[in-house]
Amino acid sequence: MQFPAEPFKIKVVESIRMTTIEERTELLKEAGNNLFSIPAETIFIDLLTDSGTSAMSDRQWAGMMTGDEAYAGSRSFFKFEKTVRDITGFKHVIPTHQGRVAENLLFSLIANENTVIPSNSHFDTTRANIEFHKGTALDLVVDEAYQPELELPFKGNIDLNKLKKVIGEYGKNRIPVCMLTITNNSGGGQPVSMENIREVSKLLKEAGIPLFLDACRFAENAWFIKTREKGYESVPVTQIARELFSYADGCTMSAKKDGLVNIGGFLALNDTELARQITNYLILIEGFPTYGGLAGRDLEAISIGLMEAQDENYLSYRTSQVRYLADLLTEAGISVIRPAGGHAVYLDARKFYPHLKPEQFPGQVLVTELYRHFGIRSVEVGSLMFGKTNPETGEMILPRLDLVRLAIPRRVYTTMHMNYVAEGLKELFKNRAKAKGLRISYEAPVLRHFTARLEEIV
Ligand code: F0G
């Protein structure tokens, strides 16, 4: 079946309220056209992120009740540790309260002003944690990743020639680790192939450099390997996951994605000495090694969620739901990154509003209009998030693409919700010529998109 029905029935519901266009216009004014400043209660469908927004299953909720809250040696920790070991094969499992803490722990110990850390594409928090320690974060994704409409199965792959060059230039003394983000969030949620992981691992082994996976969406990546890579059609996803981790020396994980929980993460690795140092630092910043900033009940929910995320009926539905929305938009002539990613649909805002200049934030215009007219929240991944203003000339330095991400929370919205989003976008697309550009009236010196205020150019 091309688009399987939801493989669950709904036991608990949460009401969502539709506000009026007048209310939302007023709220946008108060928020300076920044959707991060809008009360979530006034949002009908929230596609800001797929992180920490999953619906937990009845089994996970049952697990919450049986969580062991012992400070040290909690039963829930041992279950969690066993689950993570079974999935990844890594020796040491260190719980953290979310993914960026796993990154902080790792890079606090291995990154400094001499280090260069390559990846297909670093996620913002990974890059920020490397740069905070004065290291250099390099994105070496294949060039095809920058061609939104090019339909290829593994646009998240790292470019092996670029990687060889970087290894040749800096060598093992300056590269403490190479990362691979699966799936590649910053590049449209595109997967990495098993062949690419295998070859990256081989190259790194020859050079004596460890490989770490940023594994937040490992199950979605494994599903794409099963459905798109020759030879894996009949291999169970759990086995694919195990194989892909087998090529790595460790991973960082935000369980808020493929752990199907609202909070949690971990770091897992084979290097005993590094694990010891990280654990000591963990005690300083997160907590004792058998809870790492989480409650015992959270550890229970993660253990169960990690297994449910590898259920093939779930993964088939999950990726199909994202593809369903992408296909509806493509059919309507709206330009999106193809093929659809694992967790989100990315709209090409420069194509949506060709009359707006990139300096006028076409992505943010689309985000505000989608909320104003339909109560839908999305997020701009473009000139506002990544652009910079030259303080001397006032000139804007712009990124290659202006995208709008519609991230789909896991098991939260139904197909009819997807239809509603598509209908809304089609309506906006029909009236696109009326849209006006935006300009910044306030911006913070770093990570400006979270707090910037924008006004309409009249
Ligand atoms: N790595 C990737 C690939 C991510 O997408 C995220 C979070 C993190 C690391 C950090 O994990 O939030 O648990 O600290 N991504 C969210 C998003 C925020 O909206 O894409 P965290």
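First listed ligand is number 1; within each ligand, the first listed atom is number 1.
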- Query: So, are Asp50 and Arg410 salt-bridged, with charged N and O less than 4.0 Å apart?
  - Reply: yes

- Task: State whether Lys164 and Asp159 are salt-bridged, where the test is any N-O pair (Lys NZ or Arg NE/NH1/NH2 against Asp/Glu carboxylate O) under 4.0 Å.
- Result: no

- Item | Ion pair check, Lys226 and Glu312, cut-off under 4.0 Å | yes

- Residues in contact with ligand 1, criterion: heavy atom under 4.0 Å: Thr49, Ser51, Gln98, Gly99, Arg100, Glu103, Phe123, Thr125, Thr181, Asn185, Asp214, Cys216, Arg217, Ser254, Lys256, Lys257, Arg405

- Knowing that exactly one of Asn157, Asn221, Ile197 qualifies, which makes a side-chain contact (heavy atoms from CB on, under 4.5 Å) with Leu180? Ile197

- Message: Is there a side-chain contact between Val336 and Asp348 in this structure, where contact means two heavy atoms from C-beta onward sitting under 4.5 Å apart?
- Response: no

- Query: Quick one: which of Lys202, Glu199, Arg198 gives a side-chain hydrogen bond (donor to acceptor under 3.5 Å, both in side chains) with Tyr247?
  - Reply: Arg198

